[in-house]
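The block underneath contains the structure these notes are about, expressed in structure tokens.
Being a predicted model, the structure only gives us computed values, none of them experimental. Letters A, B, ... are given to chains in the order of the sequence lines, protein chains preceding strands, and every chain is numbered from 1.
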Amino acid sequence: MAEEKKPFYITTTLPYVNADPHVGFAMEFIRADVIARFKKLLGHDVFFNTGTDEHGQKLFDGAQEKGVAPQEFVDSFAEKFKDLKPLLGISEDVHFIRTTDEHHVRAAQEFWKICDQNGYIYKKEYKIKYCVGCELEKTESELVDGKCPIHPNRELEIREEENYFFKWSEFQEKLLTFYEENPSFVTPDFRYNEIKEFVKRGLEDFSISRLKEKMSWGVPVPGDDGHVMYVWFDALVNYISTLGWPDNGGNFEKFWVEGDTVQYAGKDNLRQQSAMWQAMLMAAHLPNTGNIVINGFITGDGGVKMSKSLGNVVNPYDVVEEYGTDALRYYLLREVSSYEDSPFTMELFKQAYNANLVNGIGNLTNRIMKLAEDNLEEPVSVEVNCFDSKFENALNNFDIKKATDFIWSKVSELDSFIENEKPFSVVKEDKEKGRKLIVEMVQNLAVIGYHLQPILPEAASKIREAIEANKKPETPLFERK
RNA sequence: CGCGGGAUGGAGCAGUGGUAGCUCGUCAGGCUCAUAACCUGAAGGUCGCGGGUUCGAGUCCCGCUCCCGCAACCA
């Protein structure tokens, strides 16, 4: 009874390329990768998407400062983000979309046209607050007591500008109904609650274009040379343009329409992913996302924000260089809270690394394989082909930490088993009995290795290789630091 | 003002109303297959504060304090 597995789609948010990749995005990318690998092992056809968000004001400004063309500027950053794939041990087949890709630009324009045809886009005058002192537009969040903090003695000028708007306000009821009908749409619950409360308080239409004369680095608005799209509107469309949309059939039909869809995002993206983007999909008469998973933030010591000025920024490149890919994955998957903010310091990292990777799984592999190598004539043939239901349930609920905890509880059980059964001394007195114990241990190690595949792919294959060769690994899985 | 989160032994965290757990660290034993690794035991907490509901609350309700994030045309 081979049951047909549903196609599975998973994506990260697209990081904005105005800075080097940070550890928060690394976590999002790695977590999505774990789910993608897991679904693949379960036999699903998986489409895994990531990429870079490359339009907008900051990149336009950045390019001007450097005196290069915007495209050249974002090209260099896009390469850095592509480098994350090998660095973080991401699945080979991940799709990498850039919002400057020709196909994406066309898709964004098509998406705009459809929303427009459906009556959800309109043009209106909108008032901006302008500080003559700075010669800049000021947003509400920049103001202190309603004044520019740099020029508090000057009154802000109100200037009028014509922009296109998206009728978000029309989707309040539709979104609330959608939330009602899909009780597990956002994980975790408290984030879902947060967005529901936000939508209940009412939605205001948001601006989706910029005057080209002020900021030209964006997707041209169809049928109006004077505007480019506001970066959010274009970037969100990547989740379907990566599937070939608007071309019908193919991957879009298979994954977005027929399959299960999951979007990973940081908590700063809750509103955009679970309310703005969902309203946009509704406006275009396209299916909504299946699940949104919201991560917490990585902080510095004591829960303070990571910042260059505090010198507490953890760079994923440095961590991988010293400790390896799996070590970084391990920390971000198990030592970091699934949904709350968590600190990442090198001290905490090193402690967890030595305790659980060196002394835990690494040492366990060595002690078992040494016994096997010395006492068994040939490799133990093991055929593990399914996950423990606890592990599977945890991952189906995106609780990677809980799934990883399960693996380490098995490590601990095996260490206790060795202590209690003492195969190393039994084998000296009763060779057959001792061998049986050792075979059992190798089999249990194989189970651990199997479950480790989506979590720590490198370590999983080293364990498998050691078992197949019936040899203790030549170099430890994890070097003591 | 408002919305959301957090406050649990030295540190980081789990905890579904019913004897307060896990990892690290500390201390004391044990083992020797293993990367001075592993196993067992111990010390250490009035679960932010004050009320309430309940036979019983870290867990539910009310009030308060402190910390973090959001507060939309920034991305």
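- As rounded to whole Å, 10 Å separates atom P of B:rA34 from atom CG of A:Asn363.
- The listed nucleotides are B:rC73, B:rA72, B:rC39; the one nearest the side chain of A:Ser416 is B:rC39.
- Contact annotation: the side chain of A:Leu456 approaches that of A:Leu357 to within less than 4.5 Å [non-hydrogen atoms, C-beta and beyond].
- A:Phe233 is listed as a side-chain neighbour of A:Cys115, based on a closest heavy-atom distance under 4.5 Å.
- Note on A:Gly362: a base of the nucleic acid sits closer than 4.0 angstrom, heavy atoms only.
- If A:Phe190 and A:Asp341 are placed on RNA chain B by their nearest nucleotide, the residue sitting closer to the 5' end is A:Phe190.
- When both distances must be under 3.5 Å, the Watson-Crick or G-U wobble mate of B:rA42 is B:rU26.
- Nucleotide B:rU65 has B:rA7 as its partner under the Watson-Crick or G-U criteria, with both atom distances under 3.5 Å.
- Residue contacts shown for A:Val231 are limited to sugar-phosphate atoms, with no base heavy atom under 4.0 Å away.
- In the set B:rA11, B:rC13, B:rG2, the nucleotide with an atom closest to the side chain of A:Pro343 is B:rC13.
- Each of A:Glu197 and A:Asp205 was assigned the nucleotide of RNA chain B with the nearest heavy atom; the assignment lying further toward the 5' end belongs to A:Glu197.
- Comparing B:rA72, B:rA34, B:rA75 against the side chain of A:Arg210 picks out B:rA75 as the nearest.
- Contacts of A:Trp408 with the nucleic acid, taken as non-hydrogen atoms under 4.0 Å apart, are absent.
- Checking the phosphate oxygens (OP1, OP2) of B:rA14, a side-chain nitrogen or oxygen of A:Ser337 falls inside 4.0 Å.
- Across B:rC61 and B:rU54, the matching P atoms stand 16 Å from one another, rounded to whole Å.
- Cation-pi check for A:Lys481 over A:Tyr323 is met; the charged atom lies under 6.0 angstrom from the ring centroid and within 45 degrees of its normal.
- With A:Phe398 as the aromatic partner, A:Arg31 does not meet the cation-pi criteria of under 6.0 angstrom to the ring centre and within 45 degrees of the ring axis.
- Within 6.0 Å of atom NZ in A:Lys350, 12 or fewer heavy atoms from other residues, nucleotides or ligands are found, so the atom counts as exposed in its surroundings.
- In this structure, A:Gly202 reaches the bases: a heavy-atom distance under 4.0 Å links it to at least one base atom across the strands shown.
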Let me have a per-nucleotide readout for nucleotides 20-32 of chain B, 5' to 3', with B, S or -, counting only protein heavy atoms under 4.0 Å.
-> ----S-----BSS

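- Across B:rC31 and B:rU23, the matching C1' atoms stand 23 Å from one another, rounded to whole Å.
- Considering only side-chain N and O atoms, A:Lys267 lies nowhere under 4.0 angstrom from the phosphate OP1 or OP2 of B:rC68.
- Side chain of A:Arg367, nearest nucleotide from B:rU35, B:rC33, B:rA75: B:rC33.
- Under the Watson-Crick and G-U wobble criteria, each requiring two contacts below 3.5 Å, nucleotide B:rA75 is left unpaired.
- In this entry the distance linking CZ of A:Arg191 with P of B:rC70 reads 11 Å, nearest Å.
- Looking at the side chain of A:Phe478, the nearest of the listed nucleotides B:rC73, B:rG5, B:rU35 is B:rU35.
- In the displayed structure, A:Lys471 atom NZ is contacted under 6.0 Å by at most 12 heavy atoms of other residues, nucleotides or ligands.
- B:rA75 and B:rG4 have their P atoms separated by 27 Å, given to the nearest Å.
- Residue A:Leu270 is out of contact with every strand shown, counting any heavy-atom pair closer than 4.0 Å.
- Distance check on atom C1': B:rG45 versus B:rU19 gives 16 Å, rounded to whole Å.
- Annotation: B:rG56 and B:rA14 have their C1' atoms spaced 23 Å apart (nearest Å).
- A distance of about 12 Å separates the C1' atoms of B:rA20 and B:rU59, rounded to the whole Å.
- Taking atom C1' on both B:rA36 and B:rC49, the two are 47 Å apart, rounded to the nearest angstrom.
- Two residues are said to be in side-chain contact when any heavy atoms from C-beta on lie closer than 4.5 Å; A:Tyr339 and A:Thr187 meet this criterion.
- In the set B:rG12, B:rA72, B:rC3, B:rA72 carries the atom at the smallest distance from any side-chain atom of A:Phe198.
- Atom C1' of nucleotide B:rA75 and atom NE2 of A:His22 are separated by 11 Å, given to the nearest angstrom.
- Rounded to whole angstrom, the span from the NZ atom of A:Lys200 across to the P atom of B:rC70 amounts to 23 Å.
- Relative ring orientation between A:Phe349 and A:Tyr331 is described as tilted, the plane-to-plane angle lying within the 30° to 60° band.
- Here the separation of B:rC73 from B:rG6, taken at their P atoms, is 27 Å to the nearest Å.
- Within 4.0 Å (heavy atoms only), A:Glu340 reaches sugar-phosphate atoms of the nucleic acid but no base atom.
- One can place CG of A:Asp374 at 8 Å from P of B:rA34, the figure rounded to the nearest angstrom.
- Relative orientation of the A:Tyr120 and A:Phe171 rings is tilted, given thresholds of 30° and 60° on the angle between their planes.
- Residue A:Tyr16 places its side chain closer to B:rA75 than to any other of B:rA72, B:rA75, B:rA14.
- Between A:Met369 atom CE and B:rC38 atom C1' the separation is 18 Å, expressed in whole Å.
- Residue A:Phe297 is classed as having no contact, given no heavy-atom separation below 4.0 Å to the nucleic acid.
- Look at B:rG17: it lacks any Watson-Crick or wobble partner with both distances under 3.5 angstrom.
- As rounded to whole Å, 11 Å separates atom P of B:rA34 from atom CD of A:Glu373.
- Distance, A:Arg480 CZ to B:rC38 C1': 12 Å, rounded to whole Å.
- Residue A:Pro423 is classed as having no contact, given no heavy-atom separation below 4.0 Å to the nucleic acid.
- Using a 4.0 Å heavy-atom distance criterion, A:Asp415 is classed as a sugar-phosphate-only contact.
- For the pair A:Lys124 and A:Phe165, the cation sits on the ring face: its NZ or CZ lies under 6.0 Å from the ring centre, inside 45° of the axis.
- The aromatic rings of A:His451 and A:Phe406 lie tilted to each other, with the angle between the two planes from 30° to 60°.
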